[in-house]
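Everything on this sheet refers to the single structure shown next.
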Amino acid sequence: LVPVQTLAGLIMVGGANFVERQLGLSTDGSGAGSTMNVQGVTSFFFLLYFLMATQDIAVDGWALTMLSKANRGRGPICNSIGQNIGYFLSF
C-alpha cells in the first residue's frame, strides 16, 4: 500500500513537466508550443489510474481483514463518508 502510494505521488510530481510537453504547452517562455501527443498523455494517466486502482483494491482488502464480520457492512459506509469529507476539505 505505501509503496504504491509513494510511487503514484512521485509520478504525479515528476510527471508534471512531462504532461505539459505532451500537451504541447510551452515551458521555455517563447510562446511557441508544439503539437499535442495524445499517446503520451494517455500512457501517463493510464499508469496513474492503474496505480490508484491497485491502491483502492489493497485498501478494500485491508479493511476486510481488519473489520469483524459484524462490522464488514459498515466498511463501505465509512469509506464513502471519508471520501466526501476529504473532497470537501480539499477546497
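Connection of Val13 to Leu10 is not established within any shared hydrophobic cluster, with ILVMFWY side chains joined at heavy-atom distances below 4.5 Å, either directly or through further cluster members. By the criterion of side-chain heavy atoms lying less than 4.5 angstrom apart, applied directly or through intervening Ile, Leu, Val, Met, Phe, Trp or Tyr residues, Leu1 is not grouped with Met12; the two fall into different hydrophobic clusters.
Evaluation of the side chain to side chain contact (heavy atoms under 4.5 Å, CB included) rule for Arg74 yields Asn71 as partners, not counting sequence neighbours.
The stretch residues 68-89 participates, sequence neighbours left out, in these ring pair (Phe, Tyr, Trp, His ring centres under 6.0 Å) pairs: Tyr87-Phe91.
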Under 3.5 Å, side-chain donor or acceptor atoms of residues 43-61 against the rest of the protein: list the pairs with distances, not counting sequence neighbours.
{"unit_1": "Ser43", "atom_1": "OG", "unit_2": "Gln39", "atom_2": "O", "d": "2.8"}
{"unit_1": "Thr54", "atom_1": "OG1", "unit_2": "Phe50", "atom_2": "O", "d": "2.8"}

